Every structure is written in structure tokens, then in C-alpha cells.
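Only one structure is covered here, and it is reproduced in the block below.
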Protein chains: 2
Amino acid sequence: MARVRMRDVAEHAGVSVRTVSNVVSGYPHVSPDTRARVQRSLDELGYRMDYLARGLRSGRTGFIALAVPFVAEPYFAELAQAVIRAAGRRGITVLVESTAGDSEVERRIVDGGLTNVADGVLLSALTLPASDMAAKKPDFPLVMLGEHSVGDQFPRVGIDNVAAARTAVEHLLAQGCRRIVALGRNGSENGRQRTEGYEQAMSAARVRRVNWLVVPVEDWTRDQGYAAVRELLDGDGPLPDAVFAFNDALAVGALRALDASGVRVPEDVAVVGIDAIQESAYTHPPLTSVAPDLDAIAERALALLEEQMQALGESGRAAPGEDVQAGAVAAAPQEATPYRLIVRESSRRGPVHE
Amino acid sequence: MARVRMRDVAEHAGVSVRTVSNVVSGYPHVSPDTRARVQRSLDELGYRMDYLARGLRSGRTGFIALAVPFVAEPYFAELAQAVIRAAGRRGITVLVESTAGDSEVERRIVDGGLTNVADGVLLSALTLPASDMAAKKPDFPLVMLGEHSVGDQFPRVGIDNVAAARTAVEHLLAQGCRRIVALGRNGSENGRQRTEGYEQAMSAARVRRVNWLVVPVEDWTRDQGYAAVRELLDGDGPLPDAVFAFNDALAVGALRALDASGVRVPEDVAVVGIDAIQESAYTHPPLTSVAPDLDAIAERALALLEEQMQALGESGRAAPGEDVQAGAVAAAPQEATPYRLIVRESSRRGPVHE
DNA sequence: CTTGAGTCTTGCATCGATGCAAAAGATCAC
DNA sequence: GTGATCTTTTGCATCGATGCAAGACTCAAG
């Protein structure tokens with residue numbers, strides 16, 4: 001059975017195409033009688049809306065695009081799941097794109113590479129430099145997701161990175177740890193902020209500088225976490241008494257390296273991560289982590305996106321050729337979503353010792 | 001700057017809309033001069049194709065849909081990543097849908113719920129009963145992904161489940177294990193096949209029936225694996241000497257339960273999983289697992305999908321009302337993709353003992 | 001100079017739905 | 001009975017691109 005169009009349904013029911021459209025879209029002024037007859041034809045022929053055609057006419061596609069660096073990274077997979085779920089509740093379909101963390105791809109997206117297929121875009125950028133974006137303003141609904149900020153002209157939803165990192169480190173300090181390694185600084189804004197949170201906490205606790213240690217990595221992956229900790233253990237410096245990993249993947253790698261070297265966790269070294277991916281409850285030992293509320297992120301992001309789509313719908317499309325004024329760009333909302341610390345064995349020490 | 005249409009470009013370049021279209025789509029008979037002028041206008045105005053409009057006219061959208069039960073499950077996340085990567089190479093955009101393992105949702109997809117937005121559909125079904133699908137044949141390009149089969153009228157790409165399970169169990173047997181628990185039978189076809197592989201291997205090795213044990217679960221998740229093994233250990237039966245988990249998530253849960261109970265792996269109990277998700281290299285101890293070649297699956301699935309799309313393009317759409325004949329349905333290709341066993345510590349025992 | 005065979009460019013209809021506004025029909029007050 | 005008002009239904013143009021086929025132009029051969 002092939003494509004059934006409204007026209008086919010209309011003929012079958014003996015009404016006009018427009019009336020079928022009215023029934024389908026729930027227009028109120030249709031007589032119960034007609035509505036029933038059309039509905040019957042609809043069912044009988046198995047009509048399915050062509051969203052493309054509707055999208056072309058109405059300017060809305062019913063899609064939003066979600067662009068993340070790597071779909072297979074647990075954090076992004078779980079974020080995607082949350083977004084898909086939240087979008088489903090709103091009758092929106094999500095199109096998932098993978099940027100591979102390539103700033104060129106990310107730039108293309110901010111420049112509108114997806115606007116023709118999606119009503120709005122959620123972008124979880126990884127590497128896009130803020131400097132490049134300084135004078136830009138998107139001409140389509142866009143919400144930055146997660147923690148990477150590229151300037152406040154773009155609305156953004158995510159946890160407060162600095163505070164989250166501080167929370168993690170404060171927890172380690174409360175467990176009596178002092179020689180705390182911050183694992184994960186890299187070129188990203190994200191890494192910068194988490195480093196700052198670490199420094200704030202260390203500073204506030206008056207930990208002597210000699211005990212500070214920030215270990216750089218390239219990517220926030222298990223293998224990088226493993227390699228970095230491995231190297232740390234093989235070095236001749238004194239052993240740290242805690243590792244604060246900038247995300248759980250790094251922490252997982254760190255745990256594996258510690259385990260492989262026979263270092264006990266948490267007795268010798270306590271470990272804390274960020275993200276609280278599902279995996280983190282099953283590591284050896286279970287990992288303490290800062291859990292961003294993914295559902296809240298997804299909900300708020302979609303709400304902001306819908307606001308923008310609404311606004312666009314009212315104002316209509318800007319006239320062609322009307323350039324965006326650089327300079328006085330209004331600041332867009334930067335929403336911080338809740339997070340909480342989940343304490344598990346990897347950081348649970350007995351009474352404080354020092 | 002708002003939407004730039006071909007018309008705008010045409011005016012700017014002083015040519016017809018059709019010529020712009022010809023340039024954009026690479027039609028050969030365009031003079032170098034004109035082509036250059038149009039290209040300049042294209043760049044200058046920042047033209048971006050409206051894929052919706054093109055899709056409406058040409059009948060192709062450039063999208064395929066990938067429907068998996070849960071995006072956040074590592075196996076599916078990694079599969080999605082592979083599909084997105086493979087599709088990217090072909091200039092195809094992937095739309096990821098989540099079925100939540102709901103057979104109603106899966107049925108809707110097989111009935112064509114996504115055909116109006118996607119040129120083809122890849123479905124990784126979880127629960128869809130084969131019986132329901134017996135007389136059906138899709139009227140659009142569809143490839144079943146992974147292991148769940150619903151009848152051979154649908155093309156399918158995935159590993160040979162029975163063989164993969166047999167491989168895993170044979171490995172355990174080779175390590176000297178005899179009392180091997182099969183963890184993960186549930187209602188799914190998938191579970192049935194892996195159970196069969198287990199039984200074949202046990203049978204071929206002439207293991208006495210008293211040592212066979214198939215433990216059922218509801219879902220193939222970490223927590224179910226944990227709970228099942230926990231229960232097993234709390235029971236009063238003799239301890240098994242190996243666990244064959246039907247997927248890695250279950251294995252991760254099992255490892256955690258064993259660890260929590262102080263059971264040594266692999267000395268007391270060896271563990272093997274299937275999927276070889278990235279996480280499995282970082283468990284305690286690292287998990288032996290059967291690794292399906294995800295890239296091969298993605299490649300073959302897309303190839304099959306493109307074949308179907310090709311065929312549809314040539315035959316044109318079937319005439320409306322032309323019903324599919326039930327009964328003599330031609331068998332579609334069922335492709336088995338390669339897999340290999342990755343042996344890690346969780347199953348590496350010393351010399352065989354018994 | 002004409003013809004034929006290309007090459008290059010164009011106008012028009014069309015994909016399937018919805019926006020708009022008018023037509024047709026029903027209802028009611030006077 | 002008539003006009004006013006409201007409900008119900010309809011036709012037509014339109015979204016932005018491409019299929020089709022014809023028109024305009026170039027060039028070589030006759």
C-alpha cells in the first residue's frame with residue numbers, strides 16, 4: 001500500500017481537501033457528522049501525515065536537532081536520552097548529530113547548518129572557541145547545552161561548573177584528603193572552569209600549594225584517565241591521597257589504573273568524578289560523583305528553545321538582507337540547573353586522619 | 001540575515017532559478033562563466049539548501065531513521081555512533097528515535113510511522129513478537145538491526161547469536177569451567193538464541209545437566225545482572241564457577257555483585273559477556289566479551305538500505321490501493337556480520353583444573 | 001545561408017500540506 | 001421575510017525546490 005494523500009482521503013470521504021486538513025489538525029468548526037466520516041476514511045485508508053509537506057508550508061518541521069560531540073560517550077548518550085524523552089512529551093522529534101568534537105563542525109552548526117531541517121538546535125559544544133563567536137548572533141532558535149560557554153549572546157543551560165567542581169573537591173577535603181589531584185584540564189572552557197572550582201576549594205581550605213596538582217589530558221575519556229594516572233603512579237612524586245576527575249570517564253580510567261597498581265580506593269586514594277553516569281554506580285569501588293539533573297537540563301533547554309521559536313513565529317522571519325547588528329547584543333538567559341553530590345564508596349573514608 | 005532562497009540568488013546573479021538549481025546540483029551543462037557568477041552569489045548571500053522543499057519534490061529527504069530501544073544503553077549508543085559515522089560518509093543524516101523497548105512503538109515503526117520523514121529505517125527491535133509480523137511486509141526501505149529477528153521477510157544485519165553465545169561458552173569451558181550459569185534469558189528472541197548457543201556448547205562438551213543453570217532476568221541492564229547474581233549467591237545452591245552474561249551490562253552488574261560479596265574473579269568465578277562495550281575494558285577485572293563488529297553492521301545495513309531505496313526509486317511508488325500479498329513473501333537477506341572474542345582477565349584462568 | 005546537432009538556459013507545473021478569505025448554509029432577532 | 005451573525009465548507013495561492021520539455025544560442029557541415 002503506497003502513499004495516501006489528503007486528496008485521496010478527501011475523495012474517499014466526499015469532502016474537500018481542506019476539510020480533511022481541518023479534521024486532522026483539530027480545527028473546531030467541523031460538524032460532528034463530517035468529522036466522523038472523514039475520520040473513518042482516514043483510518044480506512046491508513047493516512048499518515050507528510051511532515052515534510054506540512055513543514056514546507058507552515059515553516060515548522062516538528063524536529064529539533066541535538067548536536068553532541070560523541071553519541072557513544074555515556075554522558076552524552078544519557079543526555080540525548082533525556083532530551084529525546086522530554087521532546088517526546090512535547091511531540092517533537094529529535095535528530096541527533098555527532099560533531100566529533102570538531103570545532104569546524106560546531107561552527108557550521110552555529111552558522112545555521114541545521115536550520116533547514118530543524119526548528120531549533122541544541123548544541124553541546126566541546127571545542128568551539130568563544131572568541132570566534134564574539135560578534136555572532138544566531139538567526140534561528142539555538143540553545144547551548146551543558147557547560148561549554150561561547151559567550152552570553154547564546155542562551156545556555158547547564159550546571160554551574162565552577163560550583164560543581166568546588167562541591168566535589170570540598171567533599172574530598174571533608175574526607176580528610178589534602179593532596180588532591182585535579183585530573184582533566186585541557187583546552188576547553190569547561191576544563192578551565194572545573195580547574196577554577198578546584199582552586200577555589202583548595203584555596204578556601206588553605207591547602208598548601210605544594211599539594212596542588214593539576215594534571216592535563218587531551219580528551220575526557222577512560223583511556224586518557226587511565227594513562228594519566230598510570231603516569232602519575234610511575235613517577236617519583238609523592239602519592240596523592242585523592243583524585244578529582246573532571247568527568248566520570250576519566251574517573252573510571254583512574255580507578256582502573258589504581259586498581260591495576262594495587263592502590264586501594266578509597267583508603268589510599270579517594271576518587272570523585274562529575275556526571276554520575278550510570279556506569280559510575282558499578283565501578284570498583286562505586287564512584288562518588290556530582291550528578292547534574294539531566295531531565296532538568298533537557299526540560300529547560302526545550303522550554304528556552306520553544307520560547308525562541310514562539311518569538312520567531314510572531315515576528316515572522318526577518319526581512320532578507322537585514323543584517324544582524326554586531327556590538328550591542330542582548331544577553332541571553334544562562335540557566336544553571338540543579339546538581340547533587342552522590343557519595344559512594346570511592347570517597348568514603350573513615351574518620352578524618354591527617 | 002534571514003532565509004535566502006534560490007530565487008534570491010537567481011535575482012542577485014541575474015539568472016533563472018532553474019540555473020541556480022543546476023549549479024547547486026552539479027548539472028554538467030552550465031557554462032563556466034555562469035557557474036562562477038552563480039557560485040559567487042551563492043557564497044555572497046550565504047545560500048543554504050532547504051532540504052524539506054527538495055525532499056518534497058524529489059521524494060528523498062536525505063534522512064534515515066535509526067530506532068533503538070534506549071539511546072543511553074552503551075551498546076545502542078555505540079551502535080548509533082557507528083551508524084551515524086557510516087551514514088555521514090554517504091552524506092546521509094541520521095535521525096535517532098528511542099522506542100523504549102515498547103513493542104507498540106516498534107510496531108508503529110514497522111507499519112511505517114517514520115516513512116514520511118526518512119527515506120529508510122533501521123530498526124533495532126527488542127520486543128516485537130515475530131508472530132505479529134508473520135504476514136507483514138514493509139512498503140518502504142527497512143533493515144532490522146542487531147539480533148532480534150521478526151521473520152525473514154525483513155532484511156536483517158547482525159551477528160549470529162547462537163554462534164556468538166557458543167563461542168563465549170566454549171571459551172569458558174576451555175578455561176576449565178563446568179558449572180556455568182547462563183544469565184539473561186527473558187522473553188526476547190535474542191535471549192532464546194543465546195540460551196540455545198549456551199546449550200549447544202554445554203551439550204557438545206558433555207557437561208552434566210546438573211551443572212546447567214539458566215537464570216532469567218527482565219531487562220539486560222546492570223541492575224538486573226547485579227540483582228540476579230546477588231540472589232544466586234544468597235541462595236543455598238553450590239557456587240557456579242562461571243557466569244556467561246547475555247550482554248555486557250548484565251556482566252557488569254554480575255561483576256559488581258561478585259565483588260561486593262568478596263567472590264574472586266576469575267579465580268572463583270569466571271565471567272564473560274557479549275557486546276564488548278567500551279566500558280568492559282575498564283571493569284574489575286576487565287571483562288572478556290564477544291565483540292560484534294559494529295562498523296560492519298552499520299556498513300552492511302546502510303548498503304542494504306540503499307539497495308532498497310534504489311529499487312524503490314526505479315519501480316516508482318506502488319499504485320495506491322495495491323495491497324501487499326501475504327503468503328508467498330520473498331525472503332530478504334539475513335546477513336551475519338563478523339565478531340570476535342576479546343579475552344581479558346575476567347575469564348583468564350591458570351592451567352585447567354577439575 | 002541553412003540545417004542539424006549540440007550546449008546552455010528558461011518557464012511552467014508539481015510535490016502535499018496549510019493560510020487566507022470567501023462562499024454556502026444555518027440560526028435568530030426583528 | 002430580511003438582514004445580521006455565526007458555523008461549516010470550500011477554492012486558490014503558496015511554501016522552496018526539481019522534473020520536464022521547450023526555447024535560445026553556438027558552431028560545424030552542407
Side-chain angles (χ1 to χ4, degrees), chain A residues 2-39 41-42 45-63 112 115-117 119 312-314 316-317 320, chain B residues 2-39 41-42 45-63 112 115-117 119 312-314 316-317 320:
Chain A
R3 166 74 104 273
V4 178
R5 297 154 302 171
M6 274 198 180
R7 202 176 121 186
D8 303 316
V9 177
E11 278 171 19
H12 187 271
V15 295
S16 74
V17 176
R18 200 65 189 73
T19 297
V20 176
S21 170
N22 285 338
V23 170
V24 170
S25 63
Y27 181 71
H29 299 302
V30 177
S31 74
D33 180 44
T34 308
R35 184 182 297 278
R37 197 165 71 258
V38 171
Q39 189 58 56
S41 299
L42 241 26
L45 298 180
Y47 173 78
R48 292 191 302 261
M49 169 72 74
D50 184 328
Y51 294 100
L52 248 52
R54 172 212 262 175
L56 177 60
R57 187 64 186 94
S58 65
R60 291 242 178 143
T61 64
F63 293 138
T115 41
N116 282 320
V117 296
D119 298 333
L312 197 72
E314 279 162 13
R317 299 185 181 286
Chain B
R3 167 72 104 274
V4 178
R5 295 154 304 169
M6 274 197 180
R7 202 177 120 188
D8 303 317
V9 178
E11 278 171 17
H12 187 269
V15 296
S16 74
V17 176
R18 200 66 188 75
T19 296
V20 178
S21 170
N22 285 339
V23 171
V24 169
S25 63
Y27 181 72
H29 299 303
V30 177
S31 73
D33 180 44
T34 308
R35 184 182 297 278
R37 198 165 69 256
V38 171
Q39 190 58 55
S41 299
L42 241 26
L45 298 180
Y47 173 77
R48 290 191 303 260
M49 169 71 73
D50 184 327
Y51 294 100
L52 249 51
R54 171 212 264 173
L56 177 61
R57 187 66 186 91
S58 65
R60 292 244 178 141
T61 63
F63 294 140
T115 42
N116 282 319
V117 298
D119 298 333
L312 195 73
E314 280 161 13
R317 299 186 181 285

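All values derive from a computational prediction rather than experimental measurement. Lettering of chains follows the sequences in order, A, B, ..., and the numbering in each one begins at 1.
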- Can you name the residues that form a side chain to side chain contact (heavy atoms under 4.5 Å, CB included) with A/Thr34, not counting sequence neighbours? A/Val15, A/Thr19, A/Val30, A/Ser31, A/Val38
- Quick one: list whatever passes salt bridge (charged side-chain N to carboxylate O under 4.0 Å, His left out) with B/Arg35, sequence neighbours left out. none
- To the side chain of A/Ser16, which of D/dA17, D/dT10, C/dA17 is closest? D/dT10
- Query: When only distance counts, do a donor and an acceptor, one from the side chain of B/Arg57 and one from the base of C/dT14, lie under 3.5 Å apart?
  - Reply: yes
- Message: Expected output is a numbered-order residue list: members of residues 18-30 of chain B with a heavy atom under 4.0 Å from any atom of DNA chain C. What is it?
- Response: B/Arg18, B/Thr19, B/Asn22, B/Tyr27, B/His29, B/Val30
- Message: List the residues meeting salt bridge (charged side-chain N to carboxylate O under 4.0 Å, His left out) with B/Arg54, not counting sequence neighbours, and say none if there are none.
- Response: none
- Of B/His12, B/Arg7, B/Met6, the residue whose pairing with B/Val20 passes side-chain contact (heavy atoms from CB on, under 4.5 Å): B/Met6
- Item | B/Arg54, nearest nucleotide to its side chain (from D/dA17, C/dC8, C/dA17) | D/dA17
- Estimate the overall bend of the helix from C/dC1-D/dG30 to C/dC30-D/dG1 from the end axes over five pairs each, rounded to 10 degrees. 60°
- Message: As a test of reading the structure: which of C/dG16, D/dA17, C/dT18 is closest to the side chain of B/Asp50, going by heavy atoms?
- Response: D/dA17
- Task: May I ask you to decide if B/Gly62's main-chain N or O and B/Asp119's side chain share a donor-acceptor pair within less than 3.5 Å?
- Result: yes
Atom pairs under 3.5 Å: protein N/O with N/O of nucleotides 24-27 of chain C:
none

- Of all the choices, C/dT9, C/dA13, C/dG16, which nucleotide is nearest to the side chain of B/Thr34 once you look at every atom? C/dT9
